[in-house]
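Remarks on the structure that follows.
For ligands, and for the atoms within them, numbers begin at 1 and follow the listed sequence. Just so it is clear, the model here is predicted, and its values are computed rather than measured.
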Amino acid sequence: MKISIVGSGHVGLISGVCFAEKGHDVLCVDHDTDKLTKLRKGEVPFYEPGLPELLKKHVASKKVIFSERTEDAVEFGQAIFICVGTPSTERGKADMSYVERVARTVAENLKDYRLVIEKSTVPIKTSERIRRTISRYIKGDIQFDVASNPEFLREGSAIEDTLKPDRVVVGVDSAKGESLLREIYGGFDCPIVVTSVGSAELIKHASNSFLALKITYANWLARLCEVSGADVDEVVHGMGLDHRIGHHFFGAGIGYGGSCFPKDVDALAHISEELGLEAPMIRLISDTNKSQLENFYKKIESELWVLNDKTLAIWGLAFKPNTDDLREAPALRLINLLKQAGAKLRVHDPVAMPNTRKVHPDLYYANDPMDAVNGADALIVCTEWPQYKEADLAKVKAGLRVPLIFDGRNCIDRKRVAELGMTLFGIGKEPVRPEA
Ligand code: UDX
């Protein structure tokens, strides 16, 4: 089928190349012409494993083509996916101006039946608003449908998540729209859940908020473990073996970040409050998540006593491994706090340093993880990249001025730390200290 995608960011571009991989012909639209120049050469402007190879393959096969004109999207595909950004404004309210503009352009250029599918993360009732906008601006008596198809891909494993999803959710109210969506997803080996448009819209925010709640529960348990002497990994392991609870997204750390969880939790609370339903439980997820990082900072401050003029190494800047995305990254918040306290920072990340340099040009960007620790008064781990988990801790000890580690992701080998006589503070665990 011919499919148009409007908005070639993380969701749009990945969906586009994955649809091409499943045999569809795809037109990807974006208003950023510099980005399009890169994409046409098969270059991806962000880090996502596997995406450059797949993009090059389908640029070469011409199954993915590009345009800067939304009008072309209306002409090209029988199905038009809206994948433009919906940035948060205050307290979770989403800015819908990009989505509205696409709806108007679709309406003004519609000549034949089209299925318009919203894939951007949007507040509930957005499809209804898109439908009304198109009806208002349409010229003539042309049929169209509006559907919702929320996206569940994770950065860093986005290709795998898109090609082999747990499920595809489609919210659609017409038989024709449903049949087109079934054709689009015919090549995907997973259940297709057909719901009302309103339910599909809610499934996205509700799923992400639930996962954020689960992580936050583990983080709060970690705090309880710290004051009670229990070990959070033992606790969540014991709990997770109950299949009703499970182990996924139950790891304690320095808080969730990224482009979705923080935004979607706030948005769910906002939507609910706008509809007259208070959402204290959902608001608390966000507040507790923020305090998790502050608690970690206090641990560092309390152990180092004075941060002014201390040199600290930071491993990991991205909000999680396998991405260069810094949106809502806990490491960035920690860097702000440490800088305000006067600490000098030597930072390292396998892929997120160029993006960090744009926000913090004044840090020392290390050539490799060991370069970061050289002469530092402590090492702080913010992202659990595999190379940090596997690092030679004897070399780390030799490089540090003080053999002290703050492990925000419980990813450093505590047994080895103890053997080497180093000190380590983790999350929700007794510290490792050299024997007296
Ligand atoms: C998330 C959703 O998983 C995805 O379905 C949705 O489409 C977009 O938002 P993403 O933001 O890419 O994906 O990352 P994810 O892997 O979900 O991690 C989010 C945050 O939670 C990261 O900061 C991660 O470090 C943190 N996390 C995750 C934990 O702290 N503990 C865990 O056990 C799991």
Inset, instruction - Before accepting this row, confirm whether a basic side-chain N of the pair Glu128/Arg131 lies closer than 4.0 Å to the acidic partner's carboxylate O. - result: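 Looking at Arg131 together with Glu128, the answer is yes, because their closest N to O distance falls below 4.0 Å.
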Legend entry - Side-chain ion pair, Glu155 and Arg327, N-O less than 4.0 Å: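 Yes.
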Inset, instruction - Pick one of side chain, backbone, both or neither for how Lys204 approaches ligand 1, counting any non-hydrogen atom pair under 4.0 Å. - result: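 Lys204 to ligand 1: side-chain contact only, backbone stays beyond 4.0 Å.
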Inset, instruction - Using a 4.0 Å heavy-atom threshold (strictly under), name the region of His248 that reaches ligand 1: side chain, backbone, both or neither. - result: neither
Would you say the side-chain atoms of [X] and [Y] include a donor-acceptor pair closer than 3.5 Å?
X      : Y      : result
Ser127 : Glu118 : yes
Asp371 : Tyr364 : yes
Asn336 : Lys339 : no

Nearest neighbour in protein (non-hydrogen) for [atom]:
atom                    : answer
atom 31 (N) of ligand 1 : Gly251 O, 3.0 Å
atom 1 (C) of ligand 1  : Phe261 CE2, 3.5 Å
atom 34 (C) of ligand 1 : Phe249 CD2, 3.6 Å
atom 9 (O) of ligand 1  : Cys260 CB, 2.9 Å
atom 28 (C) of ligand 1 : Ile215 CD1, 3.5 Å

Legend entry - Contacting atoms of ligand 1, where contact means under 4.0 angstrom from a heavy atom of Arg409: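 Checking each atom against Arg409, I get 25 (O), 30 (O).
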Inset, instruction - Could you say whether the N/O atoms of Gly257 and ligand 1 ever approach to under 3.5 Å? - result: yes
Legend entry - Within-cut-off N or O pair, Leu153 and ligand 1, under 3.5 Å: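 Yes, since at least one N or O of Leu153 sits under 3.5 Å from an N or O of ligand 1.
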Inset, instruction - For residues Tyr185 and Phe19, establish whether the separation of their ring centroids is below 6.0 Å. - result: yes
Close approach, [X] and ligand 1, non-hydrogen under 4.0 angstrom:
X      : value
Gly253 : no
Lys214 : no
Glu328 : no

Legend entry - Option whose closest heavy atom lies nearest to atom 21 (O) of ligand 1, chosen from Phe319, Tyr256, Phe152, Phe250: Tyr256
Legend entry - For atom 14 (O) of ligand 1, the option (of Glu155, Lys320, Arg154) bearing the nearest heavy atom: Lys320
Legend entry - Positive for side chain to side chain donor-acceptor pair (under 3.5 Å) with His348, one of Tyr365, Tyr388, Trp315: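 That would be Tyr388.
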Inset, instruction - Count the heavy atoms belonging to other residues, nucleotides or ligands that lie under 6.0 Å from CG of Asn367, then report whether that count exceeds 12. - result: yes
Inset, instruction - Using a cut-off of 6.0 Å, state whether more than 12 heavy atoms not belonging to Arg223 lie near its atom CZ. - result: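 Counting neighbours around CZ of Arg223, more than 12 heavy atoms of other residues, nucleotides or ligands fall under 6.0 Å, so yes.
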Inset, instruction - Establish, yes or no, whether the cationic atom of Arg167 lies under 6.0 Å from the six-membered ring centre of Phe152 and within 45° of the ring axis. - result: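 Judged by the rule, Arg167 and Phe152 form a cation-pi pair.
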